[in-house]
Amino acid sequence: MSKPYLMSSRRTGKQIDVPRRLTRYFPRPDIESQVIELLLERRRAITLVGPGGIGKTRLAQELAYRPELASSFETTFCDLTLATSEQEICEAIALALGWALSPTRAVPSLILQLKQRPRQLLILDNAEGAGANLRALLLELLPQCARVHVMTTSRTPLELEGETVIWVPPLRSDDAGPLPLDEALFRDRAQLAAQPLPDTPAAQQALRALLGVLDGISLAIEPAVAQLRHVSLGELLQHA
């Protein structure tokens, strides 16, 4: 059964099997450019590293649709949250690709099928729980599958030979427009929630103080916005 987020590039026919989010994305051009350049230079293993909620998953998902990568790779997104053993990791990747694996020879079966595919970018999300087993799998898989590139999101580096680690900073560290990214995100989500912020110095001061507490973590900002349906910005700050 086809997935609702399966896209085929009109120019190349390459498939992008990565979820598309419905909320606005605020670009992080410095990191995006770095990742794209590394992948196009044929770096085979890139890990986006940062604390939970910093925006690693959304960044990886948006990168998949950048024209430079969409025209170069078939891209598949795989969530490894529930995968810990090597068998479970292989099964999660195969499921994301829509493949069946040999129940007794999962690693060789996965490698054999990947060898027969065009240039492939695997986005392996939430990889911190897979740890050493993922590292062992990639050490076996990448040398044998020359057309496979892996972009991983994790709270810690994989410590993999040939791995390029890119640290993802808090949103407020990037200023890609008239507003810092954390403030732009908060105001955008407040508009979606029908809770636009008052355009007053007091509201701006309270917002900046609140964002300082939330520490540029997108997964903390969005739930805070939802609370504006029930409390004022000042009350939200008091309880943050």
Side-chain angles (χ1 to χ4, degrees), residues 3-10 16-36 48-70 75-79 81 123 125-126 151 153-155 166-240:
K3 299 179 182 179
Y5 44 80
L6 187 65
M7 185 193 87
S8 178
S9 167
R10 294 179 182 176
I16 304 176
D17 193 358
V18 178
R20 298 236 58 174
R21 306 281 283 276
L22 299 179
T23 51
R24 180 182 173 189
Y25 171 68
F26 292 89
R28 311 183 78 169
D30 290 344
I31 298 178
E32 292 171 20
S33 298
Q34 184 181 7
V35 174
I36 290 169
L48 304 178
V49 176
I54 203 73
K56 303 183 297 294
T57 298
R58 183 67 184 269
L59 172 61
Q61 290 170 338
E62 296 293 332
L63 277 166
Y65 287 92
R66 285 289 298 267
E68 303 96 313
L69 299 184
T75 304
T76 301
F77 180 89
C78 176
D79 186 353
T81 301
I123 298 176
D125 192 38
N126 296 314
M151 178 163 56
T153 75
S154 177
R155 298 185 184 187
I166 297 178
W167 295 91
V168 180
L171 286 175
R172 67 175 184 274
S173 298
D174 296 303
D175 188 6
L179 293 175
L181 287 183
D182 56 349
E183 181 174 344
L185 174 64
F186 194 101
R187 289 184 177 277
D188 178 77
R189 302 304 192 255
Q191 288 283 354
L192 290 179
Q195 301 295 326
L197 303 180
D199 188 17
T200 65
Q204 177 66 19
Q205 183 177 1
L207 175 58
R208 291 311 310 163
L210 176 62
L211 291 172
V213 174
L214 298 178
D215 204 27
I217 305 294
S218 59
L219 203 60
I221 292 171
E222 301 208 27
V225 172
Q227 295 183 52
L228 289 177
R229 296 190 177 100
H230 310 290
V231 299
S232 69
L233 185 61
E235 291 171 326
L236 185 58
L237 175 60
Q238 289 176 5
H239 294 92

To check you understand the geometry: which heavy-atom pair defines the closest contact between [X] and [Y], and what is its length?
{"X": "A64", "Y": "V18", "answer": "CB-CG2, 3.8 Å"}
{"X": "L181", "Y": "P27", "answer": "CD1-O, 3.8 Å"}
{"X": "L228", "Y": "A190", "answer": "CD1-CB, 4.4 Å"}

Working to the nearest 0.5 Å, report the span between [atom1] of [X] and [atom2] of [Y].
{"X": "L210", "Y": "Q238", "atom1": "CG", "atom2": "CD", "value": "11.5 Å"}
{"X": "Q195", "Y": "H230", "atom1": "CD", "atom2": "NE2", "value": "9.0 Å"}
{"X": "D17", "Y": "C78", "atom1": "CG", "atom2": "SG", "value": "10.5 Å"}
{"X": "I36", "Y": "I31", "atom1": "CD1", "atom2": "CD1", "value": "12.0 Å"}
{"X": "I123", "Y": "L63", "atom1": "CD1", "atom2": "CG", "value": "7.5 Å"}

Report yes or no: does [X] contribute a side-chain atom to a donor-acceptor pair with the main-chain N or O of [Y] at less than 3.5 Å?
{"X": "T81", "Y": "N126", "answer": "no"}
{"X": "Y25", "Y": "L59", "answer": "no"}
{"X": "D215", "Y": "I217", "answer": "no"}
{"X": "S218", "Y": "G53", "answer": "yes"}

Results of side-chain contact (heavy atoms from CB on, under 4.5 Å) for [X] - residues two or more places apart only:
{"X": "P198", "result": "T200, A203"}
{"X": "A224", "result": "F186, L214, L236"}
{"X": "Q205", "result": "none"}

Evaluation steps, side chain to side chain contact (heavy atoms under 4.5 Å, CB included), between L192 and V225: CA-CA 10 Å; L192 290 179; V225 172; over 6 Å; no
Below 4.5 Å, heavy atoms only, C-beta onward: do [X] and [Y] meet side chain to side chain?
{"X": "L171", "Y": "I221", "value": "yes"}
{"X": "R187", "Y": "L207", "value": "yes"}
{"X": "L69", "Y": "I16", "value": "no"}
{"X": "I166", "Y": "V49", "value": "no"}

Salt bridge (Lys or Arg N to Asp or Glu O under 4.0 Å) pairs, two or more places apart, involving residues 220-240: R189-E222
Pairs flagged by salt bridge (Lys or Arg N to Asp or Glu O under 4.0 Å) wherever residues 191-209 is involved - sequence neighbours left out: D182-R208, E183-R208
Residue pairs, two or more places apart or on separate chains, that pass side-chain hydrogen bond (donor to acceptor under 3.5 Å, both in side chains) and touch residues 51-63: R21-Q61, T23-R58, T57-D125, R58-E62
Results of salt bridge (Lys or Arg N to Asp or Glu O under 4.0 Å) for E32 - residues two or more places apart only: R66
Partner set under salt bridge (Lys or Arg N to Asp or Glu O under 4.0 Å) for D188, not counting sequence neighbours: none
